[in-house]
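Worksheet: one structure, shown below.
Naming: A, B, ... by sequence-line order, numbering from 1 per chain.
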Amino acid sequence: MPQMNMVQAINDALRHEMRRDSRVVVLGEDVGKVGGVFRVTQGLFDEFGDDRVIDTPLSEGGIIGTAIGMALYGLVPVPEIQFSDFIFPAYDQIVSELAKYRYRSGGEYPAKLVIRTPTGGGIRGGHYHSQSPEAQFIHVAGLKVVCPSNPADAKGLLLASIRDPDPVLFFEPKRIYRAAKGEVPEGDHTVPIGKASVVRKGQHVTIVVWGAMLYEALDAANQAAAQGIDCEIIDLRTLWPLDIETIITSVKKTGRVVVVHEAPKSCGLGGEIVALINEKAFLHLEAPPKRVTGFDTPFPYTLEMEYLPLSHRILPAIIETARY
Amino acid sequence: MEGSAHPVARHPLDTHAPDVVRVLRDDGTLDPTNDPGLRSDEVLTLYRAMVRARLLDERLVRLQRQGRIGFHIGCKGEEASILGSAFAMRQNDWIFPCYREFAAALWRGMPLQRYVDNMFGNTNDPVKGRQMPDHYTWKSGKFGSVSSPIGTQITQAVGFAWAAKIRKEDAAVLVYFGDGATSSNEFHNGMNFAGVFKAPTVFFCRNNGWAISVPTERQTASETFAQKGVAYGVPGVRCDGNDLFAVVKVTRDAVARAARGEGPTIIEALTYRLEGHSTSDDPKAYRPEAGLDSWRRLDPIPRLRRYIERTTGWTDAQDKELETELDAELQAAIAVAEKTAPPALESMFEDVFGELPWHLQEQRDELLRGPRAKGHGH
Ligand SMILES: Cc1ncc(C[n+]2csc(CCOP(=O)(O)OP(=O)(O)O)c2C)c(N)n1
Ligand SMILES: [Mg+2]
């Protein structure tokens, strides 16, 4: 199997599906000739041409609104929003329209598209190039939300997202775009939406995490192991709908859980996960569930590494939970 | 560029179209028709400011390449547009920036040291190290706050100007944005509201040919950006954006119109982005070097220099002297900024709200008690 980074794997998935299915089109700012500011769509313009790999005017509302129209016609648009921080001019189209189309039309008009967008911090991008807005899309009913942590999952989940009947927000953790490398199956390869992956088996503490923070959790788990604490790590992969079964099975085994995410703590996905654990496994808990997250402040520039829930903040939470 | 999908962004000779206000001729003389009548000391001050902006751009890119700062977004080629328009505003007027107008902030009195502090994101940075480099603010110079999302400042500038009108105060607002930003929701809202309410706004579109890799042809099917005013009842004018005198002339006219209570104007300044979009961008990936030569010949700084050489006998030696002086000033500012501490940890929680609520106090205390991250700093 070829070695790829995340950028190459996503590019490979797009190319594969565009060859297979002529309805798939890519549109967005700078996605054409230059192949995107992160080069994720590089080469697609040359292969598929201007009708299918489209540089648009600078308007996220325009991109998503027209993509919805294309989807209603029968195309399968995969629009790119250059940074997830810039998705908000399209929020109305995504939340009021895309997420509601199937429901409000009595099932007549399922509007299906996959919105790809780089997310997360750690690239010295300041507030407007670093946020993790997943919870703001989970809360609105009607959107699936995906966030891969490695190249093979990135390819497999993107192909599954494109073939899924529902609209998907596909968050790409930009901090590991090139840093996360691994073997990626050639040709067709899908990873099911809604299935988490247990990337480390353990007995004492469950860590629920996704995207770039997975590697921080692994690092913290290795340090915890030196102190005799054996962590189980769940990489969610699909953020919504949650793989609740995998989470609850693990928590029933360990009785202890730490949820890690970059987004601010309050009303983040971590809060929902903890609430579900309380509802479904309360009597199995040996310690209060913990959240290690970004703070409830805008994402800072100079102090970004203090803001992020990196391993130096995850480790004490693991120890505290284990020793509770 | 071959193929119809991405033709070369508009030809430089467009600045000779009959509707484009142009004053400074190629030989360094002025066309009297639209001459704003600048005094020679004013021209020299503006020339110095333009040279300073150019020097800053070059040095800041170098600092970024050396890894000493994280980012820079410059204005190389657009100095006349930015400084001419800032100069034309009156003391009581305000400026709402995009992100490429540090020269206008400096013109409005932001000390060089504060700007360089922003580049390093240190504790003396006007925005306390919270935003990327080139995202500053300077309220005492009636200069707004830079934000990354495209176009958002446009409606805000209109509201600010409208408020001054409601309070019957004589203040106009200059708002900068790019050609790309004319596709944003906020451009259309801003133009519409300003037209309806006759808000004293000067819409200043720096048409530099590109929005990152996307040429102007992909932003609009309109022949010009100024033309967009027609639909909103906002008069539009195009000027040679690399001609300091033309920029001053059209901006002054727009301010005068606003001050008379006649409402907004949209100015399209025809200029060119001579460098990449920012230090994160490699323009070779989408535009051929060859196309740049004709624009380099229209570089606003040598063009203005021909004028001052003709009118004041300005010499190469004076240019050298100026560069040495500006460089010394900048090196001193960099030395200070680089030694200045990063913002205090607790500053992360300040200014989220007017007062610190319980949950932020808790989170702050947790951060202060906990271990420090590795590998951060400037
Ligand atoms: C809402 C939004 N979408 C996308 C971006 C990313 N972006 C930053 S600058 C830019 C191009 C802007 O072009 P233009 O308005 O012409 O201004 P210029 O940079 O040429 O001065 C883009 C797409 C952004 N900052 N905000
Ligand atoms: Mg532009």
Side-chain angles (χ1 to χ4, degrees), chain A residues 29-39 42 45 49-51 53-63 82-83 85-86 88-90 92 122-130 264-266 293-308 310-313 315-317, chain B residues 1 3-6 70-71 120-123 125 127-133 135 147-151 178-186 211-215 218-220 277 280-282 285-286 342-343 345 347-349 352 359-360 363-364 366-367 370-378:
Chain A
E29 294 154 13
D30 304 285
V31 299
K33 186 149 189 127
V34 74
V37 297
F38 290 102
R39 302 296 185 263
Q42 195 155 44
F45 177 87
D50 193 31
D51 274 347
V53 185
I54 309 165
D55 274 329
T56 66
L58 204 172
S59 170
E60 289 74 15
I63 293 166
Q82 200 163 85
F83 286 84
D85 312 81
F86 301 139
F88 298 105
D92 194 26
I123 61 147
R124 305 177 93 186
H127 181 69
Y128 297 111
H129 302 81
S130 304
K265 183 176 187 179
S266 301
T293 66
F295 299 109
D296 290 345
T297 74
F299 197 105
Y301 175 71
T302 305
L303 297 174
E304 74 169 334
M305 293 305 171
E306 298 288 357
Y307 178 92
L308 287 169
L310 304 182
S311 61
H312 70 283
R313 284 177 57 207
L315 179 62
Chain B
M1 259 169 265
S4 61
H6 282 224
F71 176 81
F120 282 88
N122 65 32
T123 189
D125 167 11
V127 301
K128 308 181 188 176
R130 291 177 184 150
Q131 289 214 72
M132 289 174 80
H135 291 62
S147 156
S148 309
I150 293 293
D179 40 283
T182 63
S183 299
S184 72
N185 302 347
E186 300 309 298
I212 309 186
S213 75
V214 180
R218 261 298 153 100
Q219 295 302 338
T220 187
H277 170 73
S280 312
D281 180 40
D282 174 15
Y286 53 86
L345 283 177
S347 75
M348 199 197 294
F349 301 88
V352 181
H359 72 288
L360 287 181
Q363 292 179 19
R364 177 197 61 193
E366 182 194 314
L367 175 67
R372 290 287 65 80
K374 290 187 284 283
H376 72 88
H378 292 313

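- Only the side chain of B:Glu366 comes within contact range of chain A, with heavy atoms under 4.5 Å apart.
- Atom CZ in B:Arg130 sits 15.5 Å away from atom OH in A:Tyr301 (nearest 0.5 Å).
- Listed here is the closest heavy atom pair of A:Arg124 and B:Gly70: NH1-CA, 3.7 Å.
- Put simply, the side chain of B:Gln131 never gets that close to the backbone of A:His127: no donor and acceptor are under 3.5 Å apart.
- Looking at B:Arg218 and A:Asp50, a side-chain N of the basic residue comes within less than 4.0 Å of a carboxylate O on the acidic one, giving a salt bridge.
- Remark: B:Ile212 CD1 to A:Leu58 CG distance equals 7.5 Å, nearest 0.5 Å.
- Taking both residues in full, the closest heavy atoms of B:Asp282 and A:Arg39 are given as O-NH2, 4.4 Å, listed atom of the first, atom of the second, then distance.
- The most heavy-atom pairs under 4.5 Å with chain A, out of B:Ser347, B:Gly151, B:Gly180, B:Gly178, come from B:Gly180.
- Note: A:Thr56 OG1 to B:Gln219 CD = 8.0 Å, rounded to the nearest 0.5 Å.
- To the nearest 0.5 Å, atoms CE (B:Met348) and OG1 (A:Thr302) are separated by 10.0 Å.
- Contact detail for B:Val352 and A:Asp296: the closest heavy-atom pair is CG1-O, 4.0 Å.
- In this structure, B:Ser148 and A:His129 approach most closely via the heavy-atom pair OG-CE1, 3.5 Å.
- Within the 4.5 angstrom heavy-atom criterion, no atom of B:Ser280 approaches chain A.
- Of the listed residues (B:Ser184, B:Pro343, B:Ala285), the one with the most heavy-atom contacts under 4.5 Å to chain A is B:Pro343.
- The distance from atom CZ of A:Phe45 to atom OH of B:Tyr286, rounded to the nearest 0.5 Å, is 15.0 Å.
- Looking at A:Gln42, neither its backbone nor its side chain comes within 4.5 Å of chain B, counting heavy atoms on both sides.
- For A:Pro89, the parts lying under 4.5 angstrom from a heavy atom of chain B are both the backbone and the side chain.
- Neither the backbone nor the side chain of A:Phe88 comes within contact range of chain B; no heavy atom of the residue lies under 4.5 Å from a heavy atom of that chain.
- Here the closest non-hydrogen pair linking B:Ser213 and A:Val34 is OG-CG1, 3.2 Å.
- Comparing B:Leu367, B:Asn185, B:Val127 by how many heavy-atom pairs each has under 4.5 Å with chain A, the most go to B:Leu367.
- When heavy atoms are compared at a cutoff of 4.5 Å, A:Phe295 approaches chain B by way of both its backbone and its side chain.
- Note: B:His359 leads B:Arg364, B:His359, B:Glu186 in heavy-atom pairs under 4.5 Å with chain A.
- At distances below 3.5 Å, at least one donor-acceptor pair connects side-chain atoms of A:Glu306 with backbone N or O atoms of B:Ala373.
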